[in-house]
Amino acid sequence: MRYSQTLIPTVKEVPAEAEIPSHQLMIRAGFIRKVASGTYTYLPLGNRSLLKIIAIVREEMNRAGAQEILMPVLQPMELWEATGRREDYGETLAWFEDRHGRENVLAPTAEEVVTSLVAAEINSYRQLPVNLYQINTKVRDEFRPRFGVLRSREFIMKDAYSFHANVDDLEKTYRAMYDAYCRIFSRCGLKYVAVEADSGPIGGSASHEFMVPCSAGEDVIVHAEDFSYAANLEKAEIDAPAASPQLAAARQAAPAMEEVHTPGVGSIEAVCNFLKNRPADMIKTLVYTSGKDVIVALLRGDHEANENKLRRACDGAALEMAPPEVIKNVTSAAVGFAGPQGLAGKITRLIVDNSVAAMTSGVTGANKTDYHVRNVVPGRDFPLSGANVVVADIRNAVDGDTRGGKALKFSRGIEVGHVFKLGTKYSQKLSANFLDEQGQKQPCIMGCYGIGINRILASAIEMGHDDNGCVLPIAIAPFEVLVVPINISNPEVMGAAERIYKDLQAGGADVLLDDRDARPGVKFKDADLLGIPLRIVVGEKSLKEGKVELKARTEAKPTLVDLGAAVARTLDLAAQLKSQLSGESR
RNA sequence: CGGGGCGUAGCUCAGCUUGGCUAGAGCGCCUGGUUUGGGACCAGGAAGUCGGAGGUUCAAAUCCUCUCGCCCCGACCA
């Protein structure tokens, strides 16, 4: 394409609204323009990149045996009510009432629609498995759109849904998808980590998120130094503290519980200020309800509860923070003064975090408004075992924790993909059943697999940029080669540039010819900003010696090559860059 | 939704505290000329309901009230 005929509005100044490099550069390089909060127009360059990403995704999905379909963005609300997700999605669900009074959802995802399709069309195990995907716009009324294209209200997602007659078969497709994702992200030139995510209803390592580590990421990756283990914060398992040989003796020596008057001091922080102790010396008593059940969780004052882990410790029951009335009922004290002593008999279940079980003694609420107690010894003043007592890992990992003996590190990452074993949640609710070999009706077992197309581009730029602009991987750059004639009014220069341009195109390269009548400085600056991986400069001086300059975006200095050899050299280099992203090695 | 901030030319911003002249600058844009290897220079020019509505005042970009939009910090997700 010719630069002069393409809309590439580059800007020198850093846009005020953009905070992170990828957002700034996507605006500066003329990839996107904002339409409203969380919605963007992709200009020719941005759109070209998206199309290249989509082509890679499509190719790998097809190769992995998935079939492409196209589902509507507009979905009937009834489907969402049938699965209960109208409630689950809440405010994030974007919908409107049409002129006939029907409620329409703007698709944030498509489980309901595919599942109802399969319910109608699949009847027998002989028709399974199927893996259906689409690449389509998704809409989510995000509370807070942020970071440009990274968290927008509208985005392009590749979403795939697989249906199986049994769990083994799901496992096969899950692995095929996992492998396809590895190839996709490698081919896009991303450095990524597959992290374990909170497992679905099937259990095991049923879910993985594909993350691109970078400081702008919104998710926390918990990992071993060498990434031999990586999980998200929700999931990350923590070793229980090693049993100290002196623990029993220290507990023996601990003085009896002692009540202290702490008027109006309820929070951990306030108590620590008041009693001059550390949060790590406190035992936090959290009260949850699940239907009629009351569950109490004990955590060290400096730790955070992990509700996913808690739920698992309660055999998957849905938990909610107890309302104040329940807390008062159980503890006979105002909120903020709960303690585990004497509580076990009054509640459904007591769950003690490993770290609390390893404390010699702690400070906690006295179950009496305005009072706390000191010297509360686990095992003496509240039980660590019993029919309704569980000691477990129920908190978020923190600095200093280990897993399998390896220290856990924390990194931020951008989630670009997610593979998930769904089980029968949707197939049961929407009657996506099949008859098995015995003629028995069974719900399909499902998996789902998502990729954020726009996020791939944003995270590639987040990873690949320097002071001068984008440094894009060749597979997803809007063009592979940029040909820059210096001084277009010199017919020899322009003629040589045109020839190179045409020959490169004939050689299968994706070329942009900067045919603008602009000063060299302007062209060089824009060339760097756009981040096109290869650049050929045709200048008067070197041309007189029969040479042009060839430079990779990643290199500081150009190489002089013979005019006659330039095209072949460039095509060769492009092929090399591509093969580095083949996706076969990882 | 809570907390903080910002809305002035296409973009980045000054002016607002302490109301007062024709509302400014840089970049960009248009015309002419000189230039031509890392965002040139000279001359001329176009361009603004000061986010919107209401109020106070002789007088409002500036003060007050309301409203809309955008950005940043906190619970979800591709």
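In this text, all values refer to a predicted model and were calculated from it rather than measured experimentally. As a basis for the values below, the full set of heavy atoms in this structure was taken, side chains included, without hydrogen atoms, waters or symmetry mates.
- In this structure, A:G417 reaches the sugar-phosphate backbone alone: every heavy-atom distance under 4.0 Å involves primed, P, OP1 or OP2 atoms, never a base.
- Remark: A:R146 does not engage A:E19 in a salt bridge, criterion side-chain N to carboxylate O under 4.0 Å.
- At least one donor-acceptor pair closer than 3.5 Å links the side chain of A:Q75 to the backbone N or O of A:T109.
- Contacts of A:E218 with the nucleic acid, taken as non-hydrogen atoms under 4.0 Å apart, are absent.
- Distance, A:Y40 OH to B:C71 C1': 10 Å, rounded to whole Å.
- Nucleotides B:G38 and B:G20, compared at atom P, are 47 Å apart to the nearest Å.
- Rounded to the nearest Å, the gap between the P atom of B:G4 and that of B:U49 is 32 Å.
- A:R455 places a side-chain N or O within 3.5 Å of a backbone atom of A:E415 that can act as its donor or acceptor partner.
- The base of B:G39 is not paired with the side chain of A:R516 by any donor and acceptor separated by under 3.5 Å.
- The one candidate from A:L530, A:V481, A:V484, A:D514 that meets the side chain to side chain contact (heavy atoms under 4.5 Å, CB included) condition with A:R535 is A:V484.
- Rounded to a whole Å, the CZ atom of A:R519 is 6 Å from the C1' atom of B:U35.
- Counting only heavy atoms from C-beta on, A:L529 has its side chain closest to B:G39 among B:G37, B:G39, B:G38.
- Judged purely by atom type and a 3.5 angstrom limit, A:S152 uses its side chain to pair as donor or acceptor with the backbone of A:E154.
- Rounded to an integer number of Å, the gap from CG of A:N396 to P of B:A75 is 11 Å.
- Looking at A:D528, its side chain comes within 3.5 Å of the base of B:G38 through a donor and an acceptor atom.
- Listed nucleotides: B:C72, B:U12, B:A78. Nearest to the side chain of A:A16: B:U12.
- Closest approach to the A:K12 side chain among B:A78, B:G38, B:G39 is made by B:G39 (side chain taken as heavy atoms from C-beta onward).
- Checked against the 6.0 Å centroid criterion, the rings of A:F210 and A:Y178 qualify as a close aromatic pair.
- Candidate nucleotides B:U12, B:G39, B:C70 were compared by shortest atom distance to the side chain of A:S37, and B:C70 ranks first.
- Rounded to whole Å, atom C1' of B:G39 lies 16 Å from atom CD1 of A:I8.
- Spacing between atom CZ of A:R146 and atom C1' of B:G74 amounts to 9 Å, rounded to whole angstrom units.
- For A:E13 against B:G39, no side-chain N or O and base N or O form a donor-acceptor pair under 3.5 Å.
- Only A:G452, A:R455, listed by number, bring a heavy atom of residues 447-456 of chain A to less than 4.0 angstrom from any atom of RNA chain B.
- The backbone N or O of A:Q134 sits nowhere less than 3.5 Å from a side-chain atom of A:E68 that would complete a donor-acceptor pair.
- Comparing B:C27 with B:A40, their C1' atoms sit 14 Å apart, to the nearest whole Å.
- In this model, a donor atom of one side chain and an acceptor atom of the other lie less than 3.5 Å apart for A:E112 and A:T83.
- By the criterion of a centre-to-centre distance under 5.5 Å and near-parallel planes under 30°, the ring of A:F155 forms a stack with the base of B:A78.
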